[in-house]
Amino acid sequence: MSIPAFASDIELTAGVLSGAPLTRRYLSDLRGSFADLAAYERALQTGNPLLYSVSAVDAPQGDGQLNYAVGTLLPGRVGPEYYLTKGHYHARREAAEVYIGLSGEGLMLLENEPGETRLLPLQSQKIVYVPGHTAHRTINTGTAPLVYLGVYPADAGHDYGAIARNNFRHVVVEQNGKPVMIERAAFKP
Ligand code: M6P
Ligand code: ZN
């Protein structure tokens with residue numbers, strides 16, 4: 001029996017991990033995520049751009065294993081709202097995750113079930129600890145792709161349902177060239 005270790009290469013510009021499948025999310029996959037519905041429909045009429053890709057390495061089955069994934073979120077906006085990931089809770093709610101910024105500039109929007117919110121920077125030399133029971137979404141506030149690595153328990157699972165139903169309580173929009181977080185209820189296109 002040899003040690004079941006392995007190494008991955010990160011291809012930063014393509015956002016790909018060697019040997020791992022790549023999932024692509026296009027604008028049409030993000031229906032319901034952006035606050036400005038009219039701006040979303042207008043954007044879709046002019047095309048269906050790639051918003052982000054995820055290249056994930058799944059560990060072998062077994063207790064205590066970790067998965068990891070490189071996400072590459074492109075720069076852009078729908079109306080005033082920056083490009084973002086769908087965001088999710090972990091199906092196993094207590095599962096935490098560590099995000100490590102690799103390049104680009106962005107934010108992580110965190111929210112828990114009581115409705116508390118945190119907004120933390122994600123970029124090179126920043127590491128964000130996402131505790132269990134916390135929904136997380138990545139937002140690109142820069143002009144280059146935001147590339148990051150997420151490491152999470154192999155049995156965490158993705159639960160998109162709660163976010164698909166209620167979205168996050170806050171939106172991050174550009175105002176005077178800077179990102180500003182406002183309550184979704186107060187958002188006026
Ligand atoms: C990170 C990890 C992945 C996640 C991806 C995109 O790379 O957390 O598990 O899939 O970001 O986020 P989402 O699944 O919300 O689209
Ligand atoms: Zn996660």
Side-chain angles (χ1 to χ4, degrees), residues 8-35 40 48-59 65-76 78 81-113 117-124 126-142 145-172:
S8 301
D9 297 311
I10 303 178
E11 177 42 73
L12 268 188
T13 42
V16 175
L17 282 165
S18 53
L22 191 71
T23 303
R24 293 183 180 82
R25 302 275 188 217
Y26 294 88
L27 184 62
S28 59
D29 298 316
L30 275 282
R31 180 169 289 283
S33 297
F34 291 98
Y40 176 79
N48 187 20
L50 179 71
L51 264 56
Y52 63 99
S53 64
V54 181
S55 180
V57 171
D58 289 345
Q65 302 278 13
L66 298 171
N67 288 351
Y68 54 95
V70 165
T72 302
L73 175 59
L74 296 172
V78 170
E81 192 173 14
Y82 297 99
Y83 278 3
L84 42 74
T85 58
K86 286 179 175 218
H88 58 271
Y89 280 96
H90 290 147
R92 191 177 142 233
R93 285 290 192 271
E94 58 270 43
E97 181 162 358
V98 172
Y99 272 68
I100 301 159
L102 298 176
S103 69
E105 226 179 290
L107 296 167
M108 282 197 79
L109 180 61
L110 309 182
E111 183 178 306
N112 63 11
E113 280 164 342
T117 294
R118 291 290 303 275
L119 190 65
L120 293 169
L122 183 67
Q123 60 193 64
S124 167
K126 296 266 185 210
I127 297 170
V128 177
Y129 182 80
V130 181
H133 298 273
T134 306
H136 38 292
R137 161 175 283 170
T138 312
I139 299 167
N140 188 341
T141 57
L146 173 64
V147 188
Y148 58 91
L149 177 73
V151 184
Y152 47 99
D155 61 358
H158 293 79
D159 177 359
Y160 294 102
I163 297 302
R165 273 190 301 281
N166 301 320
N167 215 328
F168 284 76
R169 270 184 65 177
H170 290 84
V171 294
V172 177

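As the structure lists them, so they are numbered: ligands from 1, and atoms in each ligand from 1.
Within the set His136, His88, Glu97, His90, the minimum heavy-atom distance to atom 15 (O) of ligand 1 is found for His88.
Cation-pi geometry between Arg93 and Tyr89 is satisfied (NZ or CZ under 6.0 Å from the ring centre, within 45° of the ring normal).
Closest protein heavy atom to atom 14 (O) of ligand 1: Tyr160 OH, 2.5 Å. For atom 5 (C) of ligand 1, the closest non-hydrogen atom on the protein side is Val54 CG2, 3.7 Å. At the top of the distance list for atom 16 (O) of ligand 1, counting protein heavy atoms only, stands Tyr52 OH, 2.5 Å. Ranking protein heavy atoms by distance to atom 3 (C) of ligand 1, first place goes to His158 NE2, 3.8 Å.
Here the angle centred on the Zn ion (ligand 2), running from NE2 of His136 over to NE2 of His88, is 90°, rounded to 10°. Between the NE2 atom of His90 and the OE1 atom of Glu97, the angle taken at the Zn ion (ligand 2) works out to 90° after rounding to 10°.
Put simply, the side chain of Arg24 never gets that close to the backbone of Ser53: no donor and acceptor are under 3.5 Å apart. Here the side chain of Asn48 pairs a donor or acceptor atom with the backbone of Ser28 at under 3.5 angstrom.
Close approach of ligand 1 to Gly87 (heavy-atom distance below 4.0 Å) involves ligand atoms 15 (O). Close contacts of ligand 1 with Tyr152, meaning ligand atoms under 4.0 Å from a residue heavy atom, involve 9 (O).
In the model, Thr138 has no side-chain atom that pairs as donor or acceptor with a side-chain atom of Tyr52 under 3.5 Å. A donor-acceptor contact closer than 3.5 angstrom is absent between the side chains of His90 and His158.
Ring planes of His136 and Tyr99: perpendicular class, angle over 60° (limits at 30 and 60°).
In this structure, Gly150 does not count as a contact residue of ligand 1, since none of its heavy atoms falls inside 4.0 Å of the ligand.
Open room surrounds NZ on Lys126; 12 or fewer heavy atoms of other groups in view lie less than 6.0 Å from it.
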